[in-house]
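Labels below follow one simple rule: chain letters A, B, ... track the order of the sequence lines, proteins then strands, and each chain is numbered from 1. These numbers come from the heavy atoms of this one structure, side chains and all, not from hydrogens, waters or symmetry mates.
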Amino acid sequence: MTPFRVSIAAGAAAIILLLVIFELIRSRRLQERYALLWLLTGIVILILSAWRGALSRLADLVGIAYPPSALFVLASLFVLVVLLHYSTVISKLSDQNRILAQRLALLEHELKNKDPD
Amino acid sequence: MAEAAQRVAPAPEPELARRRRLAIVPAFNEENTIERVIEEIRTFDPGFEIVVVDDGSIDRTAFVAERAGAHVLRLPFNLGIGGAVQAGYQFARDYGFDLAVQVDGDGQHDAREIAALVEPILDGRADMVVGTRFATGGGYRGTRVRRVGIHLFAALVSLLVRQRVTDTTSGFRAVNRKGIRLFAIEYPPDYPEVEATVVLSRHHLRMVEVPVVMRIRETGSSSITALRSVYYMVKVLLALFIGLFRRYSTELEEP
């Protein structure tokens with residue numbers, strides 16, 4: 001079984017994470033679409049730290065002897081998924097950035113040629 | 001006497017003619033329908049200026065729209081319906097339009113219904129008017145998930161804006177100058193219609209729904225497929241929830 005102190009610490013960390021995300025969205029420093037994965041991470045960790053039986057069963061299922069390790073593994077997995085998601089977001093942004101630069105250059109050229117006087 | 005009778009006519013044409021009016025037509029790969037949409041708006045009222053916002057189409061949408069005589073804003077890449085429509089509102093604000101009507105580029109909105117849509121604004125009863133599909137039962141079909149979503153949001157938004165709202169996802173809308181100023185600055189990016197209604201209410205602007213008949217879309221499919229509906233619902237629910245804790249301070253009075 002998970003030691004109580006681990007459950008409490010993990011639960012507290014998850015709550016703090018959720019509150020920080022909430023405030024970031026509210027103050028518009030984080031868009032909803034990029035917050036969803038983080039929220040899911042926080043909620044799953046919160047659930048598993050409160051529902052200790054489920055964590056034990058999950059650890060058992062994948063052969064982890066010490067249940068808190070399962071919590072750790074799960075959190076790492078979520079972070080991996082978030083990182084991968086951000087990689088796709090960055091790829092899209094750099095694509096759009098290139099297109100913007102190209103359009104700007106074409107536009108500048110067009111403006112210069114239109115206004116000789 | 002005749003003049004007085006004219007003034008109470010249901011569609012006060014002279015009132016409409018006094019306003020500088022703009023039709024905002026968001027279009028994503030609509031080369032087959034965009035020309036007809038433009039012509040329909042012209043037929044309804046030649047006094048409407050039309051701006052087509054080409055949301056990064058890879059077909060000839062922008063070319064066809066320009067040939068048909070519309071203003072065309074060609075976005076450098078696909079921003080999604082929210083970003084596209086907002087560009088239209090910025091155009092309306094910057095060129096000083098009094099009234100803006102949103103009409104989809106896919107032909108599902110019947111331009112003749114614009115008369116009903118602008119009436120509450122001309123009467124000074126509303127800052128935004130939404131054409132709703134449900135009061136008439138005409139011409140709308142959708143996936144089951146989408147219908148459930150529509151009703152869920154209708155109930156939730158009605159609660160949030162303390163007014164009965166039946167069709168929160170309708171993109172057939174008209175706004176006055178205040179609405180134009182608001183949406184030019186504050187318009188949700190992804191799936192905007194639900195949130196836009198709430199944002200409007202939080203700025204103390206008045207919304208009125210009018211029943212309209214919509215056509216089954218002619219080409220293309222809804223931007224909201226069954227699979228993405230869940231993501232859509234979660235995202236909008238989150239946005240609505242957090243919106244409750246936001247303070248809005250967009251200045252809507254003219255400078």
Side-chain angles (χ1 to χ4, degrees), chain A residues 14-47 78 80-114, chain B residues 28 53-58 62 66 72-84 86-87 153 156 160 182 185-196 198-199 202-203 223-224 227-250:
Chain A
I15 288 171
I16 290 170
L17 176 67
L18 288 173
L19 285 176
V20 169
I21 296 166
F22 175 85
E23 177 53 25
L24 284 175
I25 305 174
R26 198 195 63 80
S27 57
R28 294 168 197 263
R29 280 175 290 171
L30 177 60
Q31 289 180 25
E32 287 90 355
R33 58 191 308 181
Y34 301 118
L36 287 177
L37 267 175
W38 282 121
L39 283 176
L40 189 67
T41 309
I43 290 168
V44 168
I45 291 174
L46 185 62
I47 289 173
F78 268 111
L80 264 181
V81 173
V82 170
L83 279 178
L84 193 61
H85 177 230
Y86 281 178
S87 300
T88 67
V89 171
I90 290 170
S91 302
K92 191 175 152 196
L93 280 177
S94 75
D95 253 350
Q96 294 182 337
N97 194 39
R98 172 182 54 81
I99 293 168
L100 271 183
Q102 292 163 338
R103 277 284 282 273
L104 182 68
L106 290 167
L107 208 66
E108 209 170 53
H109 173 77
E110 199 177 313
L111 274 179
K112 265 187 198 145
N113 287 5
K114 233 179 214 168
Chain B
F28 178 53
V53 187
D54 174 13
D55 191 12
S57 297
I58 51 171
E66 223 150 51
V72 177
L73 300 181
R74 203 159 58 90
L75 297 178
F77 37 78
N78 186 267
L79 286 184
I81 182 75
Q86 189 176 31
F153 285 131
L156 194 66
L160 289 177
L182 173 61
I185 296 165
E186 176 119 33
Y187 204 71
D190 290 330
Y191 302 105
E193 290 87 3
V194 182
E195 279 179 74
V198 177
V199 166
R202 293 290 301 274
H203 284 87
S223 55
I224 303 167
L227 198 71
R228 301 189 77 184
S229 297
V230 176
Y231 167 71
Y232 164 68
M233 279 199 245
V234 172
K235 206 222 111 201
V236 175
L237 285 175
L238 176 67
L240 289 180
F241 172 71
I242 290 181
L244 290 174
F245 300 91
R246 275 195 181 130
R247 295 181 64 196
Y248 293 96
S249 53
T250 304

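Atom CD1 of A:I25 sits about 9.5 Å away from atom CZ of B:F241, to the nearest 0.5 Å. Taking CZ from A:R26 and CG from B:L244, the interatomic distance works out to 12.0 Å, rounded to the nearest 0.5 Å.
Most heavy-atom pairs under 4.5 Å with chain A, from the set B:A239, B:P188, B:P189: that is B:A239. Note on A:E32, A:Q96, A:Q31: by heavy-atom pairs under 4.5 Å with chain B, the leading option is A:Q96. Across A:D95, A:L36, A:L39, the residue that shares the most heavy-atom pairs under 4.5 angstrom with chain B is A:L36. Chain A forms the most heavy-atom pairs under 4.5 Å with one residue out of B:L238, B:N78, B:V234, B:I242, and that residue is B:I242.
Other residues, nucleotides and ligands place more than 12 heavy atoms under 6.0 Å from the CZ atom of A:R28. Residue B:I58 qualifies as open at atom CD1: its count of foreign heavy atoms under 6.0 Å is 12 or below. Residue B:R202 qualifies as enclosed at atom CZ: its count of foreign heavy atoms under 6.0 Å is above 12.
Within the 4.5 angstrom heavy-atom criterion, only backbone atoms of B:L75 (N, CA, C, O) approach chain A. Interface remark: A:R33 contributes backbone and side-chain atoms alike to the contact with chain B (heavy atom separation under 4.5 Å).
Here the closest non-hydrogen pair linking A:L100 and B:P76 is CD2-CG, 3.7 Å.
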